[in-house]
Structure formats: structure tokens, C-alpha cells
**Q** 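Just passing along the structure, written as C-alpha cells.
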Amino acid sequence: MFDPELYKRFDQTVARENTECEKWDDRASFGSACALPMWVADMDFETVPEVIAALRERVQHGVFGYSMPTGRDKDALINWLKRRHAADVCAEDVLFSPGVVDSIYHALVALFAPGSKIVVQPPVYGPFFSMPKKAGMQLIENPLIDTDGVWRMDLNGLEDIFKSGADGLVLCSPHNPVGRIWTREELRELGSLCKKYGVTIVSDEIHSDFELDGQKHTCILSVPGCEGAVQLVSATKTFNLAALRHSSIVCRDADKRQKIASQLERAMADVNLFGRLATRIAYESGESWLDTLLVYLRENRDLMYEAQKATGKLRPVSMEGTYLMWVDCRALGMKNEALMDFFVQKAGIIPSGGTFFGSQGDGFVRLNLATQRARVAEAADKIFKALKTL
Ligand SMILES: Cc1ncc(COP(=O)(O)O)c(C=O)c1O
């Protein structure tokens, strides 16, 4: 439920400089220590007040020996998935892992032999390329199709790839960076292809709670043909807890789940007390906070979308899920390096460079809009003025 008091808090600036914060304290590596950082995907907002209180209380205890998950941790996740996504998950289907990228790697190692063929759909979050390679597997790219700024999966291309042999597919759902929430119908078609050709889906759903408009996210395990998929979720994006390192793996297939559990044990991939506690309290108490955040992010999105369109030179995607805006800058005729230089040095903004998401991202940038409204307005203005100098 929307809470006007929480809404006001999102407008309050929280100084993040000199807090060992990657987004703000690593700006010099982009060539400007004072540009506005709109790159790495975390938010400039304080997390849920109840989470801060619970962590404070736990720190106050002062003893940080070994801890153990309790049934309440899984219940909090299961209830969250039921309330927010109408998903039916049993406690035995759930494993914990320190992060979603870790989980992609561990799921691949657990489920596929070295040399297996793993499909990804670029432009896509950088570790989708590096994790299969790290796991000693072959990467196969099935690029998304951009039709006038609406990005879709190339299901014909996918079937051709599957025909010549593929083992796994790492799905980004919702998709970072193009901001799509895949429809149930799109996922159903994907599911039937995967079933037909025996391809296992590892579905990264870290952005699934960012349903900015009416459209609902579909959990992969509810899609026909995808019953054997592995679903990766986390509270860390939703509630801005990334540094606390905690995530969950949902897998209904007992054999696959056992393999992943063994791999997590081999890798000693334990979760930590603070990540687990923060996640649990966020899932139990953070619903109004999230509902309010979604209103705020939607307004940020609309502001930046209109401003970009008004430039007549940039083509933004009006993202459905995520707080990350994918902007087509190809009309400027600049390659990634020149484009980044333009944004950082001329506009005074640090976006994520498009090629982090694969070669298909050349000529694009991704803007992180999870910041105070005044900063989003300032960024829009800076871009507008910088474009005038060209
Ligand atoms: C699609 C996607 N997956 C995973 C991550 C990172 O997850 P974690 O910090 O849990 O490894 C991100 C962060 O931006 C992301 O966008």
C-alpha cells in the first residue's frame, strides 16, 4: 500500500560518498570524480526502516558467532512469492546462496558437464557471458530483436540454435538492460521450445519485484514446460541490500536441486547472518515501502523518458520492470568509448556503457534511475545541454 510518509523519504538525499560505495566512490575510474553516478544497479535510498532497526538490534547484541537459517527465513520468502507473484513454493524447493551471479555459476556447474552449450540473449547483464565461460562451457548468443524500441526474444533464432544442440539457457526475467517484463505468452512459447529440445532454463529473476505499471511478472516455475527450471530470486535489488549478499534458489526438481545443493556445499557458498536477517525482515515488513518505491520509480522513469524523447536524438526504452533505462544513442554516431566520454565529460553523468551488455550494446547506454527526483531532473537537463554542444 502506498505510504505518503515513505514517499517523502525517497526525496531525501543520503550522502554516499566516502562510505566505500562502489557507485559513488569509484567515479574516478570513469575519469571524473564529480560526475553524477547512474551506473551500477543499486539505489540511492535508505532501505526499509524495519530492516535498519532489526540490523541495529542484532549489531547491539555484539556476538557474531556462527548462525543458522531458521524456518522463518524460508517462510518469509515463500509468503512473499505467494503475495507478490502468486507463486506456490514449498520450503524443500528453496536453497540459499550468497548472490544471484554466484547462483548462476553454481547452477551451471551443478547441472551441465564442461563444454555444454549455454544460450544467452544479448544485450544482457555482463556476468551472463562470464559465468558460462568461467564454468568451462560454450556460450551461444541468440540476440534479442529491437522493433522500434520494443525488445523481443528471437524465438525462431532460438529454435534454430536448439535444433543444432543446446543444453541450457540463462534467462534474464525481467530483462536487464532492455527493461522488458516478459509476458506469460512469450514465456510459454519459450517453455514449449525448451521442453521440445530438452533445454534447462536458469532464470535470473532478481528484478522481478519492479513491476512499474500494471504488468505482472511471471515466475518461470509457473510456466508450462518450465517445471524443471531453476529460479533465482533475491531481496537485494528490491530493498537495496546488495552489499549484504543473500539470495535464494527455487528448484522443484529434486535431482537438480540435490546437485545444486552439493555444488553449493563443495564451494562453501554459505550465506551470512546480516544478509539473511535483512532479507527476512524486508520480505516480512517491506511491502508498503516497495509499493511506494514503485510509484516513485515510475515517476522518475516517466520524467527521464519524456526528457530523452524531447531531445529528438536519443531513443529511450520505457522500461516495464527494473529501474534501469536502456537508451539508444546510435543517432549520435559514437562508438562505446566516445559515447561514454561524451556522457562523463560533456554531460557530467556516469551511465553504464552499452558494451558491458555485449557487442549488441555498442551505441547504447544504461541509466540507473533509482535516485532522488531532483537528481533525475538534473541528469535530464545535463544531457539536454550537452547534446546542444554537438
Ligand atoms: C540481472 C542481474 N542479475 C544479477 C545481478 C547481481 O546479483 P547479485 O549481487 O546477487 O550477485 C544484477 C545486478 O545488477 C543483475 O542486474
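In what follows, every heavy atom counts, from backbone to side chain, and hydrogens, waters and symmetry copies are set aside.
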**Q** As a quick check of understanding, evaluate salt bridge (Lys or Arg N to Asp or Glu O under 4.0 Å) for Lys385 and Asp381, giving each step before the final call.
**A** CA-CA 6 Å; Lys385 287 187 177 134; Asp381 191 48; 2.8 Å; yes
**Q** Check the surroundings of atom CD in Glu185: do more than 12 heavy atoms from other residues, nucleotides or ligands lie under 6.0 Å from it?
**A** yes
**Q** How long is the straight-line distance from CG of Leu36 back to CZ of Arg27, given to the nearest 0.5 Å?
**A** 8.0 Å
**Q** Step by step, work out the salt bridge (Lys or Arg N to Asp or Glu O under 4.0 Å) result for Arg375 and Glu378.
**A** CA-CA 5 Å; Arg375 286 188 171 134; Glu378 183 192 335; 5.7 Å; no
**Q** Looking at Arg245 and Asp102, is any side-chain nitrogen of the basic one under 4.0 Å from a carboxylate oxygen of the acidic one?
**A** yes
**Q** Take Met43 and Val14 through the side-chain contact (heavy atoms from CB on, under 4.5 Å) test and state the conclusion after the steps.
**A** CA-CA 10 Å; Met43 307 196 271; Val14 184; over 6 Å; no
**Q** Between Trp182 and His175, is the ring centroid distance below 6.0 Å?
**A** yes
**Q** How far does CE of Met325 sit from CG of Leu314, to the nearest 0.5 angstrom?
**A** 11.0 Å
**Q** Look at the rings of Tyr296 and Tyr7 and say which category their plane angle falls in: under 30° parallel, 30 to 60° tilted, over 60° perpendicular.
**A** perpendicular
**Q** Can you name the closest pair of heavy atoms from Gln138 and Gly115 and give their distance?
**A** NE2-O, 3.0 Å
**Q** Please identify which of these residues, Arg180, Arg315, Arg152, meets the salt bridge (Lys or Arg N to Asp or Glu O under 4.0 Å) condition with Asp146.
**A** Arg315
**Q** Check Ala235 against Thr279 and note the closest heavy-atom contact, atom names and distance.
**A** CB-CG2, 3.9 Å
**Q** Please lay out, stage by stage, how Met319 and Arg298 fare under the test side-chain contact (heavy atoms from CB on, under 4.5 Å).
**A** CA-CA 9 Å; Met319 73 271 190; Arg298 185 164 64 230; over 6 Å; no
**Q** Assess the residue pair Lys259 and Asp255 against the criterion (salt bridge (Lys or Arg N to Asp or Glu O under 4.0 Å)); give the C-alpha distance rounded to whole Å, side-chain angles, the decisive distance to 0.1 Å, and a yes or no.
**A** CA-CA 6 Å; Lys259 287 181 176 152; Asp255 179 50; 3.4 Å; yes
**Q** Angle class for the His246/Phe96 ring planes (parallel below 30°, perpendicular above 60°, tilted otherwise)?
**A** tilted
**Q** Between Arg301 and Asp213, is there a side-chain N and carboxylate O pair less than 4.0 Å apart?
**A** yes
**Q** Going hydrophobic residue to hydrophobic residue with side-chain gaps under 4.5 angstrom, can you get from Phe45 over to Phe2?
**A** yes
**Q** Measuring only between side-chain heavy atoms, which start at C-beta, is Leu169 closer than 4.5 Å to Leu158?
**A** yes
**Q** Is any side-chain N of the basic residue among Asp88 and Arg252 closer than 4.0 Å to the acidic one's carboxylate O?
**A** no
**Q** Mind checking whether Met334 and Phe384 sit in one hydrophobic cluster, side chains of I, L, V, M, F, W, Y counted as touching below 4.5 Å?
**A** no
**Q** For residues Ala41 and Arg366, report the shortest heavy-atom separation together with the two atoms involved.
**A** N-NH2, 3.8 Å
**Q** Taking atom NZ as the centre, does Lys382 end up with more than 12 heavy-atom neighbours from other residues, nucleotides or ligands that are less than 6.0 angstrom away?
**A** yes
**Q** Check whether the ring centres of Trp289 and Phe10 lie less than 6.0 Å apart, and answer yes or no.
**A** yes
**Q** Between Phe356 and Tyr125, how do the two ring planes meet: parallel, tilted or perpendicular, split at 30° and 60°?
**A** perpendicular
**Q** Determine, for Arg280 against Asp73, whether the closest basic-nitrogen to carboxylate-oxygen distance falls under 4.0 angstrom.
**A** yes
**Q** Rounded to the nearest 0.5 Å, what separation is found between the CE atom of Met137 and the CG atom of Leu111?
**A** 8.5 Å
**Q** Group every Ile, Leu, Val, Met, Phe, Trp and Tyr by side-chain heavy-atom contacts under 4.5 Å, then state whether Leu332 and Val327 land in the same group.
**A** yes
**Q** For Asp291 and Arg84: C-alpha separation, side-chain torsions, deciding distance, then whether salt bridge (Lys or Arg N to Asp or Glu O under 4.0 Å) applies.
**A** CA-CA 11 Å; Asp291 287 340; Arg84 301 295 298 195; 3.0 Å; yes
**Q** Walk me through whether Leu369 and Met38 qualify under side-chain contact (heavy atoms from CB on, under 4.5 Å).
**A** CA-CA 7 Å; Leu369 304 182; Met38 302 185 91; 4.0 Å; yes
**Q** Tell me the closest heavy-atom pair linking Ser234 and Ile206, and the distance in Å.
**A** CB-CG1, 4.0 Å
**Q** CE of Met68 to CZ of Arg276: how many Å apart, nearest 0.5 Å?
**A** 8.5 Å
**Q** Are Ile383 and Leu390 connected in the hydrophobic side-chain network, where two residues link if heavy atoms are under 4.5 Å apart?
**A** yes
**Q** Suppose we call two aromatic rings close when their centres sit under 6.0 Å apart. Are Phe357 and Phe128 close by that rule?
**A** no
**Q** Quick check on Glu337: does its CD atom have over 12 non-hydrogen neighbours (other residues, nucleotides or ligands) under 6.0 Å away?
**A** no
**Q** Look at the side-chain heavy atoms of Ile, Leu, Val, Met, Phe, Trp and Tyr, link any pair under 4.5 Å apart, and say whether Val59 and Ile281 land in one connected group.
**A** yes
**Q** What's the shortest heavy-atom distance between Pro132 and Pro127, and which atoms?
**A** CD-O, 4.0 Å
**Q** Evaluate Val199 against Leu193 for side-chain contact (heavy atoms from CB on, under 4.5 Å), listing each step before the verdict.
**A** CA-CA 8 Å; Val199 173; Leu193 283 180; over 6 Å; no
**Q** Any idea which heavy atoms bring Pro122 and Glu141 closest together, and the distance?
**A** CG-OE1, 3.5 Å
**Q** With Arg16 as reference, evaluate Asp25, Asp26, Asp42 under the salt bridge (Lys or Arg N to Asp or Glu O under 4.0 Å) test and give the passing residue.
**A** Asp42
**Q** Tell me, yes or no, whether the heavy-atom count around Lys195 atom NZ, taken from other residues, nucleotides or ligands under 6.0 Å, exceeds 12.
**A** no
**Q** Measuring from Lys8:NZ to Thr292:OG1, what's the distance to the nearest 0.5 Å?
**A** 12.0 Å
